[in-house]
Each structure stands twice: as structure tokens, then as C-alpha cells.
Amino acid sequence: MIITTTTSVEGYKIIAYKGLISAVGVNTRKLSFSFNTEKFIQAMEESIDAVKQDAFNALEEKAKALNCNAIVGVSVDLETDPSTTFILVSVTGTAVNIV
């Protein structure tokens, strides 16, 4: 599966547009607050990476359900609230078939 933020894939031709798809990832673990800012920032970064990966995995599954082999024009939105450690990542793109 090719996933890209661009509207085309170099060296490939889009032969079918199957529609706009979206997916969301939300953190499921609570981060512990620390007086050590470095540790807290590192924990937030790791959590953001995990949530982002969850969102992209869900987006890929939706594309596969449409029998697509690529997603183009992907945009990523990230919402965080450090006071509650809430992290939400939403990804949206166009499911396509390429050759």
C-alpha cells in the first residue's frame, strides 16, 4: 500500500478513484505526569507516534476494503491536551487504484 500526501504517485498512473476515506486514532493509555519535563515530552512523543500509527493502520484497512492499493492526498490533523494527555490523530485521503 502506497500512502502519500501528494495527489499523484511518481511512476504510477491512477486508474480509479474510490472515494474519500478517514480514520482516527486516540490514545488509550494514561501518561504519568512528571516534574521532569524531558521525560514528559518523550512520553508525549511516543504516545503521539503510536496514535498516529493506529490512525494510519485504520486508514489502510479502509482502503483495502475498497480494493485499493494506494491513498493519495493524505492530510493529518493532531489534537493534544497536555493537561489531560489526550491525543487524537485524524487522517484523511483519497483511496485509489494505481498501475
Side-chain angles (χ1 to χ4, degrees):
M1 175 77 57
I2 296 175
I3 301 174
T4 181
T5 58
T6 61
T7 57
S8 62
V9 180
E10 189 172 340
Y12 292 87
K13 179 180 178 181
I14 295 174
I15 58 169
Y17 290 85
K18 298 294 183 117
L20 193 62
I21 56 175
S22 297
V24 175
V26 180
N27 66 325
T28 56
R29 68 180 181 125
K30 197 87 161 137
L31 297 178
S32 60
F33 289 101
S34 170
F35 290 108
N36 184 329
T37 306
E38 247 179 67
K39 284 184 181 179
F40 179 72
I41 291 172
Q42 181 180 0
M44 282 291 285
E45 183 178 349
E46 289 170 2
S47 188
I48 288 169
D49 287 344
V51 171
K52 182 180 69 170
Q53 190 60 52
D54 290 345
F56 272 100
N57 289 344
L59 190 71
E60 185 173 336
E61 289 304 313
K62 288 185 177 187
K64 286 179 181 177
L66 295 171
N67 295 318
C68 293
N69 60 355
I71 308 166
V72 297
V74 173
S75 68
V76 179
D77 184 44
L78 172 69
E79 301 289 331
T80 63
D81 183 353
S83 65
T84 62
T85 67
F86 174 78
I87 300 168
L88 179 134
V89 175
S90 64
V91 289
T92 302
T94 303
V96 298
N97 285 326
I98 58 176
V99 291

Does any part of the side chain of [Y], heavy atoms only, come nearer than 4.5 Å to the side chain of [X], both counted from C-beta?
X   : Y   : answer
L78 : K52 : no
F56 : V89 : no
V72 : T7  : no

_Would M44 and I87 count as a side chain to side chain contact (heavy atoms under 4.5 Å, CB included) here? Give the steps._
CA-CA 9 Å; M44 282 291 285; I87 300 168; 4.2 Å; yes
Closest heavy-atom contact between [X] and [Y]?
X   : Y   : result
L88 : V26 : CD1-CG2, 3.8 Å
K18 : C68 : CG-SG, 3.1 Å
T92 : S22 : OG1-OG, 3.0 Å
A55 : G25 : CB-N, 3.7 Å

Distance in Å, [X] [atom1] paired with [Y] [atom2], rounded so as to fall on 0.5 Å steps:
X   : Y   : atom1 : atom2 : result
T4  : E10 : OG1   : CD    : 10.5 Å
I2  : I98 : CD1   : CD1   : 4.0 Å
I71 : L59 : CD1   : CG    : 4.0 Å

*Treat each ILVMFWY residue as a node, draw an edge where side-chain heavy atoms are under 4.5 Å apart, and state whether M1 and V76 are in one component.*
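Linked, M1 and V76 end up in one cluster.
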_I48 with V91, same ILVMFWY side-chain cluster at under 4.5 Å_ =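 Yes: a chain of side-chain contacts under 4.5 Å links I48 to V91.
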*asked:* Donor-acceptor pair, distance only, cut-off 3.5 Å: does the side chain of D77 make one with the backbone of S90?
replied: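 Pair absent, no side-chain N/O of D77 close to backbone of S90.
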*With distance as the sole criterion, is a donor-acceptor pair present between the side chains of E46 and Q42 under 3.5 Å?*
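Yes, because at least one side-chain N or O of E46 sits under 3.5 Å from a partner of the opposite role on Q42.
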*In terms of side-chain heavy atoms, does N57 have a donor or acceptor partner in Q53 at a distance below 3.5 Å?*
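Side chains of N57 and Q53: pair found under 3.5 Å.
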_Test log, rule side chain to side chain contact (heavy atoms under 4.5 Å, CB included), inputs N97 and N67_ = CA-CA 8 Å; N97 285 326; N67 295 318; 5.5 Å; no
